[in-house]
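Let me begin by presenting the structure, written as structure tokens, before commenting on it.
Order of the sequence lines sets the chain letters (A, B, ...), proteins ahead of strands, with each chain counted from 1.
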2 protein chains.
Amino acid sequence: MYRIGELAQRYQVKTDTLRFYDKQGLLTPLSRSASGYRIYTESDADRLRFILIAKETGFSLNDIAELLSIELDKANWACADVKAVVDSKLDNLTAKIAQLSNFKNALQRLSDACCGGPESAAHCSILENLESTEAAIRFEKRSH
Amino acid sequence: MYRIGELAQRYQVKTDTLRFYDKQGLLTPLSRSASGYRIYTESDADRLRFILIAKETGFSLNDIAELLSIELDKANWACADVKAVVDSKLDNLTAKIAQLSNFKNALQRLSDACCGGPESAAHCSILENLESTEAAIRFEKRSH
DNA sequence: CTTGACCTTGGATTAGACTCAAAGGTTATA
DNA sequence: TATAACCTTTGAGTCTAATCCAAGGTCAAG
């Protein structure tokens, strides 16, 4: 059982942020004290940890809310619905990873092409090395 | 040789956006017409294509500018400098991909755990399935 | 009984990336 | 030669996401 300030300090966020997450339905403590103070449990802490990590991974708060809405009342979801939501996020992630990998490969080619010495970089062309990437991405898009 | 409107239409961006990219130094046409119109070449088009793709891949305009600054006057860069810039971006990408993959694995586990039928989703726990991911991410961070 | 943590509501801020307005000059075509 | 569609500049406005702050009030611990 933590009060807002304790939880905030533990995870290095502002109390304002926690109140904001509450308002957004991302992290609503189960109960309040008699005087209205938010009371966070260990499972709220888990949830917060998840939020912070997901955020760092690049999910927006909206995405995260969608993912967490499953957790909130699992019993009222059908297994198939959960699978659908999750699989959709999975597709996004897969596409994103592919895109990043393409870009990474292109940069890798560029890096490899550079000798790394004090010589002029006249032959290090980003645009040149990225061409095949672009083609790959364009192809991928058509296939969706 | 395109005028701003032609290039804009070709890549489905606003002319305003192209002027903005010009102002930001991201895409500055080599020359102007006698009357001051921006004149874009095919290589500017390549550059724009690169910008659009990089943007979609999640790079900020600042990142992109940094990458493209190499192209602009390659001759004045040492090979080693190019390598340094590029390798830094590569590191970012590698980390990002790892993070996304972790998350993806966790979601995959969740999806697998869901039977996908009309049954209650009481046992589909995102938080549960993400625990190992969190551990992995935390570990990764410490090692930097 | 003071001080600091908490509460609420409502508005301000920040960053990034545009997007528009105003006032005018240019070019293609009927 | 008119007129629409294009272009120029400067400077300001918009939008979203995610906070962050302020004012005015309540609560808890020493």
Inset, instruction - Specify the separation, in whole Å, of atom CG of A/L18 and atom P of D/dA18. - result: 15 Å
Legend entry - Short side-chain N/O contact from B/R3 to OP1 or OP2 of D/dT8, under 4.0 Å: no
Inset, instruction - Without swapping roles, check the side chain of A/S69 against the backbone of A/E66 for a donor-acceptor pair under 3.5 Å. - result: yes
Legend entry - side chain to side chain donor-acceptor pair (under 3.5 Å) evaluation trace for A/E42 with A/Y2: CA-CA 8 Å; A/E42 199 54 50; A/Y2 314 93; 2.3 Å; yes
Inset, instruction - Side chain of A/R32 only, please: which of C/dT8, C/dT27, C/dC20 is the nearest? - result: C/dT8
With the criterion being N/O to N/O and under 3.5 Å, what pairs connect the protein with nucleotides 15-17 of chain C, and how long is each?
| from | atom 1 | to | atom 2 | distance (Å) |
| --- | --- | --- | --- | --- |
| C/dA17 | OP1 | B/L61 | N | 3.1 |
| C/dA17 | OP2 | B/L61 | N | 3.4 |

Legend entry - Note, A/I97 side chain near B/S101 side chain (heavy atom, < 4.5 Å): yes
Inset, instruction - Measure the distance from CD on A/E56 to P on D/dA17 and round it to the nearest whole Å. - result: 20 Å
Inset, instruction - Tell me whether the OP1 or OP2 atom of D/dA18 has a side-chain N or O from A/T17 closer than 4.0 Å. - result: no
Legend entry - Student check: side-chain heavy atoms of A/L48 and A/L18 closer than 4.5 Å: yes
Inset, instruction - Treat each ILVMFWY residue as a node, draw an edge where side-chain heavy atoms are under 4.5 Å apart, and state whether B/M1 and B/L27 are in one component. - result: no
Legend entry - A/D16 CG to D/dA22 P, straight-line distance once rounded to whole Å: 10 Å
Inset, instruction - Among D/dC21, C/dC7, D/dC7, find the nucleotide with the atom closest to the side chain of B/R19. - result: D/dC7
Legend entry - Members of residues 7-15 of chain A that approach DNA chain C, where some heavy atom sits under 4.0 Å away: none
Inset, instruction - Could you tell me whether a side-chain N or O of A/T94 sits under 3.5 Å from a main-chain N or O of A/L90, the two making a donor and an acceptor? - result: yes
Legend entry - Minimum-distance nucleotide (side-chain atoms of B/I4 versus C/dC7, D/dC21, D/dC7): D/dC7
Legend entry - B/I39 CD1 to D/dT8 C1', straight-line distance once rounded to whole Å: 14 Å
Legend entry - Atom-pair distance (CG on A/D22; C1' on C/dT9), nearest Å: 14 Å
Legend entry - Distance-only side-chain donor-acceptor flag, A/R32 / A/Y37, under 3.5 Å: no
Inset, instruction - Please examine the side chains of B/V13 and B/Y21, heavy atoms only from C-beta on, and report whether any two atoms are closer than 4.5 Å. - result: no
Legend entry - Phosphate OP1/OP2 of C/dC7: any A/R38 side-chain N/O under 4.0 Å: yes
Inset, instruction - Rounded off to whole Å, could you give me the OH-to-P distance for the A/Y37 and D/dG25 pair? - result: 16 Å
Inset, instruction - Take the protein atom CD of B/E6 and the nucleotide atom P of D/dA5, then report the distance between them rounded to whole Å. - result: 16 Å
Inset, instruction - Look at atom CD of B/Q9 and say whether more than 12 heavy atoms of other residues, nucleotides or ligands are closer to it than 6.0 Å. - result: no
